[in-house]
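Values below: every heavy atom of this structure, side chains too, minus hydrogens, waters and symmetry copies. Residues: numbered from 1 along the sequence shown.
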Amino acid sequence: MRRIAVIDAETDPFRKGRIPLPFAWGFYDGKRYKQFATTAALVRFLKRQNCICYAHNGGKFDFHYLLGALAPYDDVMIINGRIAKMYLGLCELRDSICILPVALAAYKKDEIDYGIFEAGEREKAGNRRRIAAYLESDCRYLHQMVMAFIGRFGDSLTVAGAAMKQWQKISKREEIAPADQTDRAFYEEFAPYYYGGRVECLRSGIIDVDFSVYDINSSYAFAMLSAHPYCANFERIEGYARNADFYKLRCISRGAFPYRGLGADGGMGPGLSFPRDNVVREYLVTGWEYDAAIDTNTIRRVEVLESVRFTRRQSFTHYVLQFFEERRAAKAADDTLGEIFAKLMGNSLYGKWAANPDNYRNYITVPPAKAHLLASPKSAFEFAGELGPWVLGAKALDPAATRYYNVATGASIAGLARANLWRAMCSCEGVLYVDTDSIACERRGRAVRLGSELGAWKHEGDFDRAGIGGKKLYIFRGADNPRTYKVASKGVRLTNAELWRVAAGGMVEYIAEAPSFSVHRAIDLANPAKSFVRRNVVMTTGEI
């Protein structure tokens, strides 16, 4: 294992419309800490360091200040618009968010007044010392997190990859046969059965009613305790077959099943929805969801067209219980990192089964003057956008690096999590809002069983007013203390007043204070507005 180091930058404070520029960089490798006053000085130093160097959220922030120093035709790894890995000389730079998708403050972070970061303030001797100490502490805390993660789980580029390695170790120890390798054809066959979590506004607007919020303990981990498809061999059965893993059927659904795309009546809109009308549609669902729909009497005029049953199934009990117990023990011992790691492992495995390697590509940096070569029939790469001063060339992964796991496994796990949520929803009264593993409702039903064990529910709080403007866009007012709120505003950061305004049918013009850098939104000092998310936020759902 190569030497592990971290870097961090301190910049001008975030302010709408201003690109914050770095004025100090820190480097720490567990033995020595160095600080640099300029980006150029940091780059010269890093190019000589034979190490793996992490930056937290580097792929969407810090690394973008270093792009001009990359070598032409060098490799860059990009995952979902984030620079996951790139190189400066001998130094391999990685984004630690890929293995630790949590805020640094979840572990440790010192407090400081960011007002002293402004030019004119940071030069003062006392402020200079405070900033230097703050930068060093951030580097040391991040290094502790990264080293602890690597020491526990080995060298992995992503937390999902680390989780898969842990499953492989545990399954080998328990003498569980490895899952069969699948291929692109298998993926295309069963990917239509794989959906995300259920996020739904059952009511919208300003709602004055007493209600409570409940969260399930580790919804996906709990679902993994049951047996799921774990091979590439399956049989198709015309019509209905008991205990099938997947069903293709036509029916009228009253909210039981997920549906992609525009509804037959033209009113559902694109994306994932859960129709609850009188329209007959064709659905592709897991056996878990079919059973839940039958038990709750929420489908009718059912015609099962096809059943699919796999020849081998596997539960992930050994894996799930190991990390659930580790998390409980870490919490009791006040071991913050141990608790974070166990939670990440418990929640990160299921999605790896459904990963599509076709979404990953090899990228290289191409000088703009040579971009025309990408259009040549002889080029193995094609134009894939821009990355700072570079043009991106991309090509498909080599076949040897392409690994399909088993999307049917992931689809079944996610389907059971949704089925459990649906049973809980049907048992409750006055459901206002649901989000994957939580319910906001007026009265809790029998299926929402409270407890601390895996799969039980936790009472999050009581509320007396809701403002619901859309999926992941709401504000709930505390019943016991009207000055406390539970809020969500994914993709934007709205104030409480702005959330109420949107929920009441108004519009909020949102401009982010912090810039957002990615392969699609680079630093542009000549046109800084391009680096800031700007949108008009309005209600996105009507009452169902």
Side-chain angles (χ1 to χ4, degrees), residues 190-202 213-229 243-249 251-261 263 268 271-277 281-299 302 304 307-308 313 315-316 320 346-354 406-428 431-441 445-449 454-457 471-472 541 544:
F190 289 100
Y193 292 92
Y194 181 73
Y195 309 89
R198 181 173 190 142
V199 184
E200 197 176 13
C201 306
L202 283 300
V213 174
Y214 303 92
D215 285 352
I216 190 172
N217 296 327
S218 303
S219 174
Y220 285 92
F222 177 61
M224 291 168 66
L225 296 177
S226 298
H228 301 279
N243 300 322
D245 294 289
F246 300 103
Y247 292 102
K248 178 193 288 188
L249 70 153
C251 71
I252 291 174
S253 173
R254 301 297 296 168
F257 294 152
Y259 186 82
R260 283 194 184 94
M268 294 306 302
L272 187 63
S273 58
F274 297 84
R276 51 182 72 228
D277 50 27
R281 294 182 177 86
E282 185 173 291
Y283 294 95
L284 298 172
V285 301
T286 62
W288 310 110
E289 291 164 291
Y290 179 82
D291 290 345
I294 293 296
D295 292 346
T296 55
N297 193 30
T298 48
I299 55 175
V302 181
V304 177
S307 305
V308 179
R313 299 185 180 101
S315 79
F316 300 86
V320 169
N347 293 336
S348 298
L349 178 61
Y350 92 94
K352 189 66 175 176
W353 293 103
N406 195 318
V407 67
T409 307
S412 181
I413 294 169
L416 178 51
R418 286 191 304 274
N420 290 337
L421 179 62
W422 179 240
R423 291 178 187 275
M425 290 172 63
C426 291
S427 76
C428 294
V431 178
L432 282 68
Y433 183 90
V434 295
D435 188 347
T436 306
D437 58 0
S438 70
I439 293 178
C441 63
R446 288 190 299 175
V448 180
R449 180 176 49 83
L454 197 65
W457 293 75
K471 295 179 180 180
K472 299 184 184 294
T541 183
I544 299 176

Approximate separation, where rounding is to 0.5 Å, of [X] [atom1] and [Y] [atom2]:
X    : Y    : atom1 : atom2 : value
T286 : D291 : OG1   : CG    : 8.5 Å
R449 : I216 : CZ    : CD1   : 9.0 Å
F190 : T409 : CZ    : OG1   : 10.5 Å
S219 : W457 : OG    : CH2   : 7.5 Å
R260 : L284 : CZ    : CG    : 8.5 Å
S218 : M224 : OG    : CE    : 11.0 Å

Output, in order, the C-alpha distance, side-chain angles, deciding distance and verdict of side-chain contact (heavy atoms from CB on, under 4.5 Å) for E282 and L249. CA-CA 6 Å; E282 185 173 291; L249 70 153; over 6 Å; no
Applying side chain to side chain donor-acceptor pair (under 3.5 Å) to W422 and T298, what does each step give before you reach the verdict? CA-CA 10 Å; W422 179 240; T298 48; 3.2 Å; yes
Any donor-acceptor pair under 3.5 Å from [X] side chain to [Y] backbone:
X    : Y    : result
S412 : A408 : no
S427 : A424 : yes
H228 : D245 : no
S253 : A256 : yes
R254 : P275 : no
R198 : A417 : no

I'd like to know whether F316 forms a ring-ring contact (aromatic ring centres under 6.0 Å, His included) with W353, so could you lay out the CA-CA distance, the side-chain angles of the two residues, the decisive distance to 0.1 Å, and finally the verdict. CA-CA 12 Å; F316 300 86; W353 293 103; 5.7 Å; yes
Using a 4.5 Å cut-off on heavy atoms from C-beta on, say whether the side chain of [Y] contacts that of [X].
X    : Y    : answer
Y290 : V304 : yes
Y193 : V285 : no
R281 : Y259 : yes
L454 : L225 : yes
Y220 : T436 : yes
E289 : P258 : yes

Apply side-chain contact (heavy atoms from CB on, under 4.5 Å) to the pair S226 and W288, showing each step before the final yes or no. CA-CA 10 Å; S226 298; W288 310 110; 3.9 Å; yes
Specify the closest pair of heavy atoms between A414 and Y194, including all atoms of both residues, with the distance to one decimal.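 Shortest heavy-atom separation between A414 and Y194 comes out as CB-CE1, 4.3 Å.
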Nearest non-hydrogen partners of G197 and L272, listed with the distance: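 That would be O-CD2, 4.0 Å.
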Taking it one step at a time, do C251 and Y283 satisfy side-chain contact (heavy atoms from CB on, under 4.5 Å)? CA-CA 8 Å; C251 71; Y283 294 95; 3.8 Å; yes
Kindly determine whether F246 and S307 satisfy side-chain contact (heavy atoms from CB on, under 4.5 Å), including the steps that lead there. CA-CA 6 Å; F246 300 103; S307 305; over 6 Å; no
Qualifying residue for salt bridge (Lys or Arg N to Asp or Glu O under 4.0 Å) with E200, from K471, K472, R276: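 Testing each of K471, K472, R276 against E200, the sole residue satisfying salt bridge (Lys or Arg N to Asp or Glu O under 4.0 Å) is R276.
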Member of V213, L421, L432 meeting the side chain to side chain contact (heavy atoms under 4.5 Å, CB included) criterion with I439: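 Answer after filtering V213, L421, L432: L421.
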Kindly state whether the ring of F257 and the ring of F274 have centres lying under 6.0 angstrom apart.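 No, the ring centres sit 6.0 Å or more apart.
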